[in-house]
Amino acid sequence: MTSESDVRMLGPNEQLSVPIASGLGIQLVALVIPGVVLIPTIVFRGAGQPEEILLWGVFASVVVCGATTMLQAARLGRFGAGYLIATGTSGAAMAVSVAALNAGGPALLATLVLSLAIVQFLFSTRLELFRRILTPTVTGTIIMLTPVTVTPVIFQELNNVPEGVAPMVGPICALTTLAVVIGIMLKAHGFWRLWSPIIGVIAGALMSVAFGLYDIERVVNAGWIGFPTLEWPGLNLEFNVAFWALLPAFLFITVVCTIQTVSGSIAVQRVTWNETKAVDFRSVQGAVSADSVGNLFGSVLGSMPVGFRPTGTSMVEITGVGSRSLGLILGASLLVLACVPKALAIVLAIPGPVTATFTTIVMASIFIIGVKVVIQDGIDYRKGAIVGIAFWVGVGFEYGSIFPDFVTGLLGNLPVNGMLAGGLIAFLATGFIELTKPRRQKLDAELDRSALPTIRDFIVGLAKRYAWDESMVARLDAVSEETLLTLLEEQESKQDEEPRSLLVGVTNENEQVTLEFIASSGEQNVQDRMAMLADASTLDSTERDLSLRLLRHLASSVRHQQYFGTDVITVHVDRR
């Protein structure tokens, strides 16, 4: 039997045994497939589309989600996160997708999804420009609000039982699922802990069979192999009034889906590793790029927008297994299920009280992940105010408790998503703090040792303006030198590369000075290397390690953000 410590060692690059991979793969499929199927069904049916188009739209959505999930796990070049990230149809895009189908049919929807994919890809290439806005405070708040937005639907499913069934049947099935999952999670270890979700669902499903709640007829009537009739919509390239009227709404959904993916890819990195590691924003960029490829593929096939789903992250948190091979298994399973109606029916026949109970457990873990993202970055009174206000505003909007008549009239009867409202508050508040900070002084230089005198003169000039004492100037000078030397390590190892530019920014605020160095990217993260310095035996006393030790001693905090082609090192130095 696998020990709990062994389970925790199964990181993103670890290989899984067949039993563990099979068990977790089945659980993930069972969690992801209902949303992937039901959301497009609601959208196409709500828009009054023919049954043939509905079936094709659902088929296309399952195929796109499966392929994108595999791309996220595989990480091909700059596309994909390299982590277990489940992709599903976007619930936030339901209203605008229905509007597009009503205005111009599947062809107009495909064109708008294509526009979304292009903008999303452009966003991923310059993600570093948004680093001061998409902070852990914002992304963590959005993760915390994700369960809030789906809770109403989950609780409706608790009562989703056929007419004529005794009132006690639903609660019995739900409590059975809850008791089994929670009992195993709290008391079992190792192997059994991994299987706790599926054991709970099976127990609830068996209880539902005993009471006649499981839809056995649906499984019996489903075929083994089948494909829907080809209903390729093509693209509507007329760019008529309907396109321009709906484009702003789709661009807004692009921002929402992108922020969800950014938040989710940060969260999955937080829970996947045993030790605390700095966020790799190249992986975040890859996750957004993979979503753009998925939406491009979806526009060709005629599906609605897709994006990050929290299921994979929550399973990593619950089971302690973050191997990206599970992403490959999940994606491949979705592709197979798209062509096997019988297998799809087995999953979809599980009654609402059972699936809703387990989804509640999953959403609880997602909320905790959001809390961890906020806390691990450090929280002060400003961040606490932003998180608290944004979260409760999101809850209020989600349940229609904040000026419902006024908001409904202002938005033309469009529903207000709590995650959108709360995320917007966190976004604007963070932007306000950034805009009201003291002006950032900047210096352009070359990423070379010869830049040291220029940077030193820059620091001395600022010292005269802000009346810094000599000890502060000395600390800032030393911090600048050690940071520059650290950045030069990778640059000097690539002698065939041309020198690259360096931008130094300095902000003087309250009792702290912030230095920001923006340069070409390297392979190693300074934050992670500084964390390793806590164990002196793990590193030799080389010159580069000496620079890191000095930097650690001189600065109050160091944050290293790595993007494709760009390194951003932010150093905070207290004026003491």
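All values reported here derive from a predicted model rather than from experimental measurement.
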Contacts of type side-chain hydrogen bond (donor to acceptor under 3.5 Å, both in side chains), residue [X], not counting sequence neighbours:
{"X": "S124", "value": "S289"}
{"X": "S325", "value": "S323"}
{"X": "S292", "value": "none"}

Sequence neighbours excluded, the answer for salt bridge (charged side-chain N to carboxylate O under 4.0 Å, His left out) partners of R382 is none
- Got a sec, which residues hit ring-ring contact (aromatic ring centres under 6.0 Å, His included) with F297, two or more places apart in sequence or on another chain?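 ring-ring contact (aromatic ring centres under 6.0 Å, His included) list for F297, sorted by chain: empty.
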Margin query: Going by ring-ring contact (aromatic ring centres under 6.0 Å, His included), name the residues that satisfy it together with F281, two or more places apart in sequence or in a different chain.
Written below: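 If we apply the ring-ring contact (aromatic ring centres under 6.0 Å, His included) test to F281, skipping adjacent residues, the hits are Y563.
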Give, for atom [atom1] of [X] and atom [atom2] of [Y], the distance between the pair rounded to the nearest 0.5 Å.
{"X": "Q269", "Y": "S283", "atom1": "CD", "atom2": "OG", "answer": "4.5 Å"}
{"X": "M304", "Y": "L101", "atom1": "CE", "atom2": "CG", "answer": "9.0 Å"}
{"X": "F517", "Y": "I569", "atom1": "CZ", "atom2": "CD1", "answer": "8.0 Å"}
{"X": "D567", "Y": "I518", "atom1": "CG", "atom2": "CD1", "answer": "10.5 Å"}
{"X": "L112", "Y": "N295", "atom1": "CG", "atom2": "CG", "answer": "12.0 Å"}
{"X": "L116", "Y": "F123", "atom1": "CG", "atom2": "CZ", "answer": "12.0 Å"}

I want to check something: taking the side chain as every heavy atom from C-beta on, are [X] and [Y] in contact at a cut-off of under 4.5 Å?
{"X": "F250", "Y": "L109", "value": "yes"}
{"X": "V513", "Y": "T507", "value": "no"}
{"X": "L330", "Y": "V29", "value": "yes"}
{"X": "V506", "Y": "T514", "value": "no"}
{"X": "V284", "Y": "I266", "value": "yes"}
{"X": "S97", "Y": "P305", "value": "yes"}
{"X": "V573", "Y": "Q512", "value": "no"}
{"X": "T68", "Y": "V293", "value": "no"}

### Working for side chain to side chain contact (heavy atoms under 4.5 Å, CB included), residues V262 and V288
CA-CA 7 Å; V262 170; V288 178; 3.9 Å; yes
Excluding sequence neighbours, so at least two apart, what forms side-chain contact (heavy atoms from CB on, under 4.5 Å) with [X]?
{"X": "A287", "result": "Q72, A81, I85, T261, S265"}
{"X": "V119", "result": "L251, T254"}
{"X": "A74", "result": "L76, L328"}
{"X": "L296", "result": "L114, A117, S299"}

Nearest heavy atoms of [X] and [Y], plus distance in Å:
{"X": "V354", "Y": "A205", "value": "CG2-N, 4.1 Å"}
{"X": "T125", "Y": "Q285", "value": "O-NE2, 3.8 Å"}
{"X": "V395", "Y": "L145", "value": "N-CD2, 4.2 Å"}

Q. Within the distance-only criterion (no hydrogens, no angle test), does the side chain of T436 pair as donor or acceptor with the backbone N or O of I433 below 3.5 angstrom?
A. yes
- Task: Give a yes or no on whether the backbone of T87 and the side-chain of T69 come within a donor-acceptor separation of less than 3.5 Å.
- Result: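 It does hold such a pair.
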Original post:
What's the verdict on side chain to side chain contact (heavy atoms under 4.5 Å, CB included) for E516 and K442, showing C-alpha distance, side-chain angles and the deciding distance?
Top reply: CA-CA 9 Å; E516 186 176 66; K442 299 179 182 179; over 6 Å; no
Tabulate below the donor-acceptor pairs under 3.5 Å that side-chain atoms of residues 171-184 make, not counting sequence neighbours, or state none.
residue : atom : partner : partner atom : Å
T176    : OG1  : I172    : O            : 2.7
T177    : OG1  : C173    : O            : 3.0

Residue pairs meeting salt bridge (Lys or Arg N to Asp or Glu O under 4.0 Å), one or both in residues 418-436, sequence neighbours left out, come to R132-E434, E434-K437, E434-R440
Legend entry - F79/F121 under side chain to side chain contact (heavy atoms under 4.5 Å, CB included): CA gap, chis, key distance, verdict: CA-CA 10 Å; F79 296 92; F121 175 74; 3.8 Å; yes
Margin query: The test is side chain to side chain contact (heavy atoms under 4.5 Å, CB included); show your working for S115 and L247 and say whether it passes.
Written below: CA-CA 8 Å; S115 303; L247 182 60; 4.0 Å; yes
Measuring centre to centre across the rings, with the benzene-like ring taken for any Trp, is F391 within less than 6.0 Å of F367?
yes
